[in-house]
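Here's the structure, in structure tokens; my notes come after.
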Amino acid sequence: MTRFCFIFLLLMVYSLLGWCGEMIYCSIGQRKLCEKRGFLNGPICPIYGHGALIVLLCLNGGCENPILTFLLGAILTSIVEYITSYVMEKLFHMRWWDYSRYKFHINGRVCLLNSTLFGLASVFLCHFANPPIAAWLTNLFASGVGIPLAIVLSVIYLTDIILSVRSAIQISSHLAKLHAIQAELTEKLEALKAEHQQILEAERQRLEQRKTALLQTAEQRGDELTARLEAARAEAHQKLRALYDRPDFFERRLLHSFPTLRSTHHPDALKKLKEHLENRKK
């Protein structure tokens, strides 16, 4: 019981320290105080706590060579981060972080930069931070505070997990519903678009048919008007020729006798009549 509570408090301490470190790191990157980080509502990131425990347990508190601690710590914590990303994606159907924009990443779940930072954190954890923290927790248990504190924190921790998982499931459900509504809307829009295209095509064909019929009617009427115009022109020519040939000998003599004769009412008609008579003389 005591050992379990001791490990649980170690988990809480390193989850808290990991949350603080991520808040500082993200705030520096954004050059302002970033919004609260982490899956849970409280100021902890369990992934850091679990990573710290795995490093401490697998390396038995750390290797004698800090370089070896760095390398093995980077590998172990990267495995924890990769598995956590994969499991959370399968559970909630969402990617909670993505390092695809970084160089040297694996499926966007882990990247070289974070693995390097985790390796440095492992060296700091094993060779500097864990001994005094473990001693402090040992004193808590010696004073009788450790077990009650672990029980209280475990209740709060489990409650936070339940609430956070519930929220994640609800978000996933909302996203599924939104996707279904969007898909339904897209399907309806595509159907309406296809129907609209059919209506436009039918109207276009109807207009083309009407246009063809109108053109045919216009051509027929044009032919009729042309024929009537030709008939009117021929009739007018006949009447004009009859009028031009109508003057008798005495009328022609008067016209020839007065070369400068002018008509005050019909000058053009007189001019054409004289031209016609001149052409007949030729």
Side-chain angles (χ1 to χ4, degrees), residues 3-26 29 34 36-63 67-126 129-130 133 150 153-154 156-173 175-176:
R3 180 173 177 77
F4 175 81
C5 291
F6 183 86
I7 293 175
F8 176 75
L9 289 181
L10 272 181
L11 173 68
M12 292 295 98
V13 170
Y14 291 126
S15 296
L16 173 62
L17 293 177
W19 179 85
C20 294
E22 181 163 342
M23 287 290 294
I24 294 172
Y25 176 77
C26 294
C34 67
K36 182 190 172 300
R37 309 288 294 184
F39 179 76
L40 299 182
N41 297 289
I44 58 173
C45 284
I47 188 173
Y48 293 108
H50 287 90
L53 290 180
I54 288 175
V55 169
L56 290 173
L57 293 175
C58 292
L59 301 184
N60 195 23
C63 303
I67 296 178
L68 188 58
T69 301
F70 169 82
L71 293 175
L72 293 178
I75 294 172
L76 288 172
T77 51
S78 297
I79 292 173
V80 171
E81 185 176 35
Y82 191 98
I83 293 175
T84 303
S85 172
Y86 180 82
V87 171
M88 290 184 70
E89 181 179 347
K90 294 302 179 182
L91 285 176
F92 305 114
H93 309 291
M94 290 182 286
R95 289 289 291 267
W96 296 90
W97 59 83
D98 189 358
Y99 302 133
S100 299
R101 65 182 185 279
Y102 294 100
K103 293 183 179 179
F104 310 110
H105 65 86
I106 301 177
N107 298 328
R109 303 185 188 279
V110 295
C111 66
L112 181 61
L113 174 60
N114 279 21
S115 297
T116 302
L117 294 176
F118 291 154
L120 294 174
S122 298
V123 173
F124 177 76
L125 167 70
C126 295
N130 189 61
I133 290 175
L153 290 179
S154 64
I156 298 174
Y157 180 58
L158 290 175
T159 303
D160 198 348
I161 289 177
I162 292 172
L163 292 175
S164 299
V165 169
R166 174 177 173 272
S167 298
I169 293 174
Q170 286 179 337
I171 292 174
S172 180
S173 176
L175 292 177

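Only heavy atoms go into these numbers, but all of them, side chains included; no hydrogens, no water, no symmetry mates.
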Can you name the residues that form a salt bridge (Lys or Arg N to Asp or Glu O under 4.0 Å) with Asp160, not counting sequence neighbours?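 For Asp160 there are no salt bridge (Lys or Arg N to Asp or Glu O under 4.0 Å) partners, ignoring immediate neighbours.
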Within 6.0 angstrom of Ile67 CD1, more than 12 heavy atoms from elsewhere: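 Open: at most 12 neighbouring heavy atoms sit under 6.0 Å from CD1 of Ile67.
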Flag yes if more than 12 heavy atoms outside Phe92 fall under 6.0 Å of its CZ atom; otherwise flag no.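 Yes, CZ of Phe92 has more than 12 neighbouring heavy atoms, counting only those of other groups under 6.0 Å.
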Say whether, by atom type as modelled, one donor and one acceptor occur between the side chain of [X] and the main chain of [Y] under 3.5 angstrom.
| X | Y | result |
| --- | --- | --- |
| Thr77 | Ala74 | yes |
| Ser172 | Ala168 | no |
| Thr69 | Cys63 | yes |

Identify the two heavy atoms, one from [X] and one from [Y], that lie closest to each other, and give their separation to 0.1 Å.
| X | Y | value |
| --- | --- | --- |
| Glu22 | Tyr48 | OE1-OH, 2.5 Å |
| Ser15 | Gly49 | OG-CA, 3.4 Å |
| Tyr82 | Val110 | N-CG1, 3.7 Å |
| Cys126 | Leu56 | SG-CD2, 4.1 Å |
| Ser85 | Arg95 | OG-NE, 4.2 Å |
| Ile44 | Leu40 | CD1-CD1, 3.7 Å |

Any chance you could lay out the side-chain contact (heavy atoms from CB on, under 4.5 Å) test for Arg37 and Tyr25, step after step, and finish with the verdict? CA-CA 11 Å; Arg37 309 288 294 184; Tyr25 176 77; over 6 Å; no
Taking it one step at a time, do Leu59 and Leu76 satisfy side-chain contact (heavy atoms from CB on, under 4.5 Å)? CA-CA 10 Å; Leu59 301 184; Leu76 288 172; 4.2 Å; yes
Could you walk me through whether Leu72 and Cys58 pass the side-chain contact (heavy atoms from CB on, under 4.5 Å) test, one step at a time? CA-CA 9 Å; Leu72 293 178; Cys58 292; over 6 Å; no
Looking at Phe39, Tyr14, Tyr157, which hits side-chain contact (heavy atoms from CB on, under 4.5 Å) with Pro46?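 When Phe39, Tyr14, Tyr157 are each tested with Pro46, the side-chain contact (heavy atoms from CB on, under 4.5 Å) holds only for Tyr157.
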So how far is it from [X] [atom1] to [Y] [atom2], rounded to the nearest 0.5 Å?
| X | Y | atom1 | atom2 | result |
| --- | --- | --- | --- | --- |
| Leu158 | Leu163 | CG | CG | 11.0 Å |
| Leu112 | Leu117 | CG | CG | 9.5 Å |
| His93 | Ser173 | NE2 | OG | 10.5 Å |
| Leu175 | Met94 | CG | CE | 6.0 Å |

side-chain contact (heavy atoms from CB on, under 4.5 Å) for Phe8 and Leu153? Distances and angles first, verdict last. CA-CA 9 Å; Phe8 176 75; Leu153 290 179; 3.8 Å; yes
Keeping to residues at least two apart or across chains, list the salt bridge (Lys or Arg N to Asp or Glu O under 4.0 Å) pairs with something in residues 99-114.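 Passing the test, one end in residues 99-114: Glu89-Arg109.
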Partner set under side-chain contact (heavy atoms from CB on, under 4.5 Å) for Ile75, not counting sequence neighbours: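 Ile75 satisfies side-chain contact (heavy atoms from CB on, under 4.5 Å) with Ile79 once adjacent residues are dropped.
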